[in-house]
> 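I'd like to ask some things about the structure below.
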Amino acid sequence: MENRLRVLRAERKMSQADLAEQLGVSRQTINTIENGKYDPSLPLAFGLAKLFDQKIEEIFFP
Amino acid sequence: MGDLTEKEKQSINRYFREIIPATVAYLLMIAGSKYFLKEMEDTIWIYPIALSPLIPAYFLMHFLVNFVKRADELIHKLHGDCAIITLLIVVFSGLTYGLLVKVGIPQPDIFWAASLICPLYFIVLAFLFRKYGIKDYT
């Protein structure tokens, strides 16, 4: 699944570590999501959507 | 362990402090029980000696489960995948060797076969971490 996470994070000038810390996951989790190697769980996807003030489908798409 | 948080570093350090001694103890108990079973063939002690590797094996699994519980969802997934792949390899290898035993290949020693499960788990885990591009995590 593709996503706009890297773009959204860059717009807010956040590092992967900053984002990981805010969501309570590891930096590696953020990195693998950004690279499309791992699809996040629904709670984590909702957490990302809330943090970036976007809908899930605006961040993730098939 | 470049960009890990303090909590993650503590968790990984604890993992190594627990897992490495438990793995070494398990492998030593496997070798020790094999040696003592040869020496004490006709005593009642063969039963506890034969089962003795279960003690470090229990702690090994206990520490591994605790580590996975402390980790985040990606690590949960990787350890879950690793357990399934390791199980499939063990079952398939056992089946293959079992079929070959029928045609004259020597019966494998279950002690050494059991001792290969631990390294196999960590080899599969290393492969999965590489596949996901994770370089600095346990």
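Every chain is numbered from 1 and lettered A, B, ... according to where its sequence line falls, protein lines coming before strand lines.
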> Taking A/Asn31, A/Ile33, A/Thr29 one by one, which has the highest count of heavy-atom pairs under 4.5 Å against chain B?
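Ranked by heavy-atom pairs under 4.5 Å with chain B, first place is A/Thr29.
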> Can you name the salt bridge (charged side-chain N to carboxylate O under 4.0 Å, His left out) partners of A/Glu34, sequence neighbours left out?
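Per chain and number, A/Glu34 pairs via salt bridge (charged side-chain N to carboxylate O under 4.0 Å, His left out) with A/Arg6, A/Arg9.
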> Return yes when atom CD of A/Glu2 has more than 12 non-hydrogen atoms of other residues, nucleotides or ligands closer than 6.0 Å, and no otherwise.
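Not buried by this count: 12 neighbours or fewer within 6.0 Å.
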> Hey, can you pull the donor-acceptor pairs under 3.5 Å for the side chains in residues 83-107 of chain B, sequence neighbours left out?
{"residue": "B/Thr86", "atom": "OG1", "partner": "B/Cys82", "partner atom": "O", "Å": "2.7"}
{"residue": "B/Ser93", "atom": "OG", "partner": "B/Ile89", "partner atom": "O", "Å": "2.6"}
{"residue": "B/Thr96", "atom": "OG1", "partner": "B/Phe92", "partner atom": "O", "Å": "2.7"}
{"residue": "B/Tyr97", "atom": "OH", "partner": "B/Pro106", "partner atom": "O", "Å": "3.3"}

> Please name the pair of heavy atoms, one in A/Arg4 and one in A/Glu58, separated by the smallest distance, quoted to 0.1 Å.
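Distance-wise, the nearest heavy atoms are NH1-O, 2.8 Å.
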> Are any of the side-chain nitrogens in B/Arg14 or B/Glu18 under 4.0 Å away from the carboxylate oxygens of its partner?
yes
> Residue by residue, scan residues 35-42 of chain A and write down, ordered by number, those that have a heavy-atom distance under 4.5 Å to chain B; if none do, write 'none'.
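The list, in residue order, reads A/Lys37, A/Tyr38, A/Pro40, A/Ser41.
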> Scan the side chains in residues 44-67 of chain B for donor-acceptor partners under 3.5 Å anywhere in the protein, sequence neighbours excluded, and list what turns up.
{"residue": "B/Ser52", "atom": "OG", "partner": "B/Ile49", "partner atom": "O", "Å": "2.7"}
{"residue": "B/His62", "atom": "NE2", "partner": "B/Asn66", "partner atom": "ND2", "Å": "3.4"}

> Tell me, yes or no, whether the heavy-atom count around A/Phe52 atom CZ, taken from other residues, nucleotides or ligands under 6.0 Å, exceeds 12.
yes
> Name the region of B/Lys131, side chain, backbone, both or neither, that has any atom closer than 4.5 Å to a heavy atom of chain A.
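Looking at B/Lys131, just its backbone touches chain A.
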